[in-house]
Amino acid sequence: MHGAYHGEYKVPGGKLVVVDLDSEDGVLRNVRVAGDFFLEPDEAILAIDGALDGAPVDTDAQGLAARIDAALPPGTQMFGLTSEGVGIAVRRALAHATDWTDYDWQLIHEPPQSPALHMALDEVLTAEVAAGRRPPTLRVWEWGAPAVVIGSFQSLRNEVDAEAAERHGIQVVRRISGGGAMFIEPGNTITYSLSVPDALVQGLSFADSYAYLDDWVLGALGDMGIRAWYQPLNDIATDAGKIAGAAQKRLVAGEGAVLHHVTMAYDIDADKMTEVLRIGREKLSDKGTKSAKKRVDPLRRQTGLPREAVIERMIASFRGRYGLAEGHLTEDELARAKELAESKFGTREWTARVP
């Protein structure tokens, strides 16, 4: 493994770290770390470069961070920068990772669609990105019906009170990604998907990729006056409570692609949610409905904005960062998704595959 490498990593909630390096005979050489972070004292940057020089090229981000920490001058202060963030930038350089701005992003924001069709669209569009037939895509969902969406590996009967769901006219669907159940009401929910090439998250651990792919929406929320942060593994939280949960699925067809989707609470009917979700009822059984409302603090209260305005501001924030062209589902994509919704996501066999 020889050659020159360049890597970039935006530390979640922090600054951009840029790394240029060479590799010779299995070790890092001529490492140069730069970025718009703040670092004191000045000589700490030379200590970081020196700590990385000579490291084996297969050292993981945590190992690189440990080398940096051991070499930093006493009293070093980092602002917008972490030792692990530098390590991740190095790993991304060696993996030839791409950056958000390397792509022509496309927005899909269609009229309301059924829950099963949304599940199918996630699979179809991400497969299209993996095959190189579709550019990286931000899809904003509009829900055609209330739903409970359970994770790929969750037990149907353990998560959902079937009688309560039927009583409230709530459809139950299973998605292809892992994670927990989502309680969906069309006017109370904001959901989006990112279908991205695997190269965008090269060099990132599974956990780090969540924070990386959620960073733009933290900025969008900040522009609306909400101080939000990523809370491992897959939540977005504020001082007032959780506002969103994320899930991922990695597809390896073609060059590979990652599906990353997020459901945000714009508003919430906590009473109905705890009737329908067994896990919600169990978690909150000794706390009462008021605690349920505190557990998830909706965007409606925090922003004071209509749901449509929140979505418009999120889209504008993404476009301002990375560019975003208006797009649409192709006839073939929609046809394939409809077939998949009928043959897979709308079937009892799939929904109850973990009974």
Side-chain angles (χ1 to χ4, degrees), residues 10-14 82 84-85 88 118 122 138-141 143 147-154 158-160 174-185 188-194 196 201 204-250 258-270 273-274 276-284 287 290-303 307 310-311 314 317-318:
K10 168 71 165 54
V11 176
T82 64
E84 187 172 359
I88 291 172
H118 277 306
D122 263 359
L138 167 65
R139 182 169 74 93
V140 178
W141 304 21
W143 292 90
V148 167
V149 183
I150 59 175
S152 181
F153 310 108
Q154 288 188 296
N158 287 349
E159 300 298 326
V160 183
R174 185 185 295 275
R175 60 182 185 268
I176 60 173
S177 61
M182 303 185 303
F183 177 74
I184 305 296
E185 291 185 296
N188 290 348
T189 307
I190 297 173
T191 304
Y192 68 85
S193 299
L194 288 168
V196 306
V201 296
L204 299 178
S205 68
F206 192 74
D208 288 332
S209 70
Y210 273 84
Y212 185 68
L213 294 176
D214 282 338
D215 190 63
W216 74 274
V217 83
L218 302 186
L221 292 169
D223 292 341
M224 288 181 263
I226 299 174
R227 191 180 78 86
W229 60 87
Y230 163 74
Q231 185 168 294
L233 170 67
N234 60 337
D235 288 344
I236 297 174
T238 70
D239 289 324
K242 173 182 171 180
I243 56 172
Q248 281 188 13
K249 177 67 176 179
R250 305 200 173 201
V258 177
L259 167 66
H260 180 91
H261 45 199
V262 173
T263 290
M264 313 179 80
Y266 173 72
D267 207 346
I268 188 168
D269 185 333
M273 179 184 73
T274 53
V276 175
L277 295 184
R278 294 187 188 278
I279 191 71
R281 185 183 311 163
E282 179 65 23
K283 284 181 179 178
L284 302 167
K287 300 176 184 177
K290 289 184 179 179
S291 293
K293 292 177 179 176
K294 288 179 181 177
R295 181 180 171 83
V296 178
D297 195 68
L299 288 169
R300 179 178 181 178
R301 190 199 65 77
Q302 293 199 51
T303 65
R307 175 180 175 275
V310 174
I311 292 173
M314 288 172 57
S317 181
F318 191 103

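Quick caveat, the model's predicted, so the values are computed rather than measured. Keep in mind that the numbers below use all heavy atoms, side chains included, and drop hydrogens, waters and symmetry copies.
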Donor-acceptor contact below 3.5 Å, side chain [X] vs main chain [Y]:
| X | Y | answer |
| --- | --- | --- |
| Arg300 | Thr303 | no |
| Glu159 | Gln154 | no |
| Arg174 | Gly151 | yes |

Nearest atoms (heavy-atom pairs only) where [X] meets [Y]:
| X | Y | answer |
| --- | --- | --- |
| Asp235 | Gly245 | OD1-CA, 3.9 Å |
| Asp214 | His260 | OD1-NE2, 2.7 Å |
| Arg175 | Ala247 | NE-CB, 3.9 Å |
| Lys10 | Asp215 | NZ-OD2, 3.2 Å |
| Gly85 | Val11 | CA-CG2, 4.2 Å |
| Asn188 | Asp269 | ND2-N, 4.3 Å |

I need the [X] [atom1] to [Y] [atom2] distance, nearest 0.5 Å.
| X | Y | atom1 | atom2 | value |
| --- | --- | --- | --- | --- |
| Thr263 | Ile236 | OG1 | CD1 | 10.5 Å |
| Asp208 | Leu213 | CG | CG | 11.0 Å |
| Met182 | Thr189 | CE | OG1 | 8.5 Å |
| Ile311 | Thr191 | CD1 | OG1 | 9.0 Å |
| Thr82 | Ile88 | OG1 | CD1 | 6.5 Å |

Run Lys249 and Asp122 through side-chain contact (heavy atoms from CB on, under 4.5 Å) and show every step you take.
CA-CA 10 Å; Lys249 177 67 176 179; Asp122 263 359; over 6 Å; no
List in chain and number order the residues that pass side chain to side chain contact (heavy atoms under 4.5 Å, CB included) with Arg301, two or more places apart in sequence or in another chain; answer none if no residue qualifies.
Ala240, Asp297
Would Leu221 and Ile243 count as a side-chain contact (heavy atoms from CB on, under 4.5 Å) here? Give the steps.
CA-CA 11 Å; Leu221 292 169; Ile243 56 172; 3.6 Å; yes
Indicate whether any N or O donor in one side chain lies under 3.5 Å from an N or O acceptor in the other, for Ser152 and Ser177.
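No donor-acceptor contact under 3.5 Å links the two side chains.
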Going by atom types alone, do Ser317 and Trp216 pair a side-chain donor with an acceptor below 3.5 Å?
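Short answer, no.
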Stepwise side-chain contact (heavy atoms from CB on, under 4.5 Å) test for Tyr192 and Val217
CA-CA 10 Å; Tyr192 68 85; Val217 83; 3.6 Å; yes
Over 60° means perpendicular and under 30° means parallel, so tell me whether Tyr210 and Phe206 are parallel, tilted or perpendicular.
perpendicular
Test salt bridge (Lys or Arg N to Asp or Glu O under 4.0 Å) on Asp267 and Arg307; report intermediate values, then the result.
CA-CA 9 Å; Asp267 207 346; Arg307 175 180 175 275; over 6 Å; no
So do the side chains of [X] and [Y] get within less than 4.5 Å of each other, counting heavy atoms only?
| X | Y | answer |
| --- | --- | --- |
| Trp141 | Ile184 | no |
| Met224 | Leu299 | no |
| Arg250 | Val201 | yes |

Are His118 and Arg139 close enough, and set up right, to give a side-chain contact (heavy atoms from CB on, under 4.5 Å), and what steps lead you there?
CA-CA 10 Å; His118 277 306; Arg139 182 169 74 93; 2.9 Å; yes
